[in-house]
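Below: the structure, in structure tokens.
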Amino acid sequence: MLKMNKKDYICMGIVTAVFAVLAFFRLGNTYAPESYYTATSENRDIVLDFGEYTDIASISIFLGNLNTRHLSISAFNEVTGSWEIINSEASAESVFAWNQIDINYKLRYLGIVCTDDQAVLNELVVKAPDGSILTPVNSGDYPELFDEQEMFPEVKTYMSGTMFDEVYHGRTAYEFLHGLVTYEVTHPHFGKILLALGVLIFGMTPFGWRFMPVVFGILIIPLMYLFAKRLFKDTYIATAASLLLAFDCMHYTLSRIATIDIFAAFFILLMYYFMYQYLQRDHEYRKTRASARDAFMPADIYLPLALSGISMAFGIATKWTGVYAGIGLAVLFIWHTILHFPKKQIKRLFIFCCIFFIAIPLIVYTLCFIPVVGYTPYKNLIDKTIQGTIYMFNYHSGLVAEHYYSSPFYEWPVIWMPLLYANDAVNATDVSAISCMGNPAIWWIGIPCVFYIFYRWIGKRDKKAGFLCIAYLAQYVPWMSVGRITFIYHYFPSIIFVMLIMAYTMQQIKDHFSWGKKAITTYLVIAIICFFLFFPVISGLPIYKEWGLRLRWLKDWILVL
């Protein structure tokens, strides 16, 4: 049984609080242009009058929820009485972010024609060559475009707009709240519903769409502590495990971006936590009750099993990687059941599992399709779910794409190819960059620990080692047969179990060597130092570019540009 004392709560609380402070540090602006101007095929022309001939350097558009809007930019020639095209193929691509279009033209009248059927523009800023903001004399004709000029940032970074896949998931959260056609339909929708809660509370701002990932990134820290404490019954080792997670670079980055990966990882860890709790309770009950093989177990023993199934339901409803985790749960559960349950108990247990591991996941998965709006109507919710699932399968199975930062599964443990989420010049020498990568001091040391625990499982028949090995393999092995493009963040659900494997190894060292605790403490200090060494290139904190280049420990690492 899990026994938490005052020291446990203090250690768990301190680690969680430290991570929370770091996670909320420069998370994103709490404001962004939210009023919008909609251009349609009948109302596509915007004409700005600056009162006199003025040098225009550029325009910046904060784009609404429709991506890649095409524009034709022109200037009116008062001598010839005609419009002269400046750029007929201009475009604004990133939603809920500032998109700059260079003009470099002296004019009085600036014409902007939206060439798509519809465009949503939240704000438009015109800049002079000296960087000052110019306001057209007829700005009142377009109040939605010029009512939030003060929100224009001096420097465009992740603080003021979307980055990487936020243009899909953050946008979908906004569309859920406004009943708009859903753009991102390649993943299940519970994670995007969670993102929508943050937007509902804080608005469609960088802070708003990143709020819920931070919350779950924080919550997974005490979950890791409780899991390690239950596994190892050691406050020191539980603290070590939670520190590994708190100071892992990828965990930090995924907790601060509006994508669904941190939600999936949380529910995967949670479902295994409850499964282990169930196996532990059932084992303890059978050890103390000779009649346990002949009677159905007390309800409190099966509560963790039910909670494991419910956690799996939310995991699958967030991302299909939850199915991989479910396979691992099935292996653990069936293995335990065959070894310990008589036939007359298995029938009732089968019905119980059908409810919590099949029926409830199907219900939760289906309900999460409620906010989805399609381009064409669906017959009903079940039809929407079936058609949506077929589309997801076809998309992922048939995806053919290339990306410079992609990497195959065998490169992930060694961090061969980090993924650069954002990179923006702050000035001539400094950049703001966010890279998705693991903490080398954790990931690299984790590799021999994985081999060690396999030895403990196969060579020593250690059941605890076997549990962790199966949990790790369930998340990692399926990716070995995936032919589509993959990225290093796909390894994150696996690395959280590597951290528990490392904690297992630490306990072995601590218990068998007099110097073990000092060595582990020294290692944890090194891991934390390594985290802060890479902190500027995972947090977006402005950094001297040359310093970022010096962090290129492997030849394919591009942490700043």
Mutual orientation of the aromatic rings belonging to Tyr324 and Trp479 [parallel < 30°, tilted 30-60°, perpendicular > 60°]: perpendicular
Near-ring test Tyr158/Tyr421, centroid separation under 6.0 angstrom: no
Under 3.5 Å side-chain donor-acceptor pair for Tyr273 and Ser311: no
Proximity of His403 and Phe487 rings by center, below 6.0 Å: yes
Plane angle bin for Tyr491 and Trp412 - parallel if under 30°, tilted between 30 and 60°, otherwise perpendicular: tilted
Ring geometry between Phe216 and Phe263 (parallel below 30°, tilted from 30 to 60°, perpendicular above 60°): perpendicular
Arg210 bridged to Glu166 by N-O distance under 4.0 Å: yes
Nearest-0.5 Å distance that lies between atom OG1 in Thr186 and atom CG in Leu399: 9.0 Å
Distance-only donor-acceptor check, side chains Asn65 and Tyr183, under 3.5 Å: no
Pair Thr235-Lys229, side-chain donor/acceptor within less than 3.5 Å: yes
Pair Phe266 + Phe314: ring centers closer than 6.0 Å: no
Parallel, tilted or perpendicular: ring planes of Phe409 versus Tyr476, cut at 30 and 60 degrees: perpendicular
Parallel, tilted or perpendicular: rings of Phe62 and Phe96 (30°, 60°): perpendicular
Cation-pi geometry met for Lys517 and Tyr236 (6.0 Å, 45°): yes
Side chain to side chain, Asn29 and Thr205, heavy atoms closer than 4.5 Å: no
Check: Phe534 ring centre within less than 6.0 Å of Trp553 ring centre: yes
Parallel, tilted or perpendicular: rings of Phe227 and Phe497 (30°, 60°): perpendicular
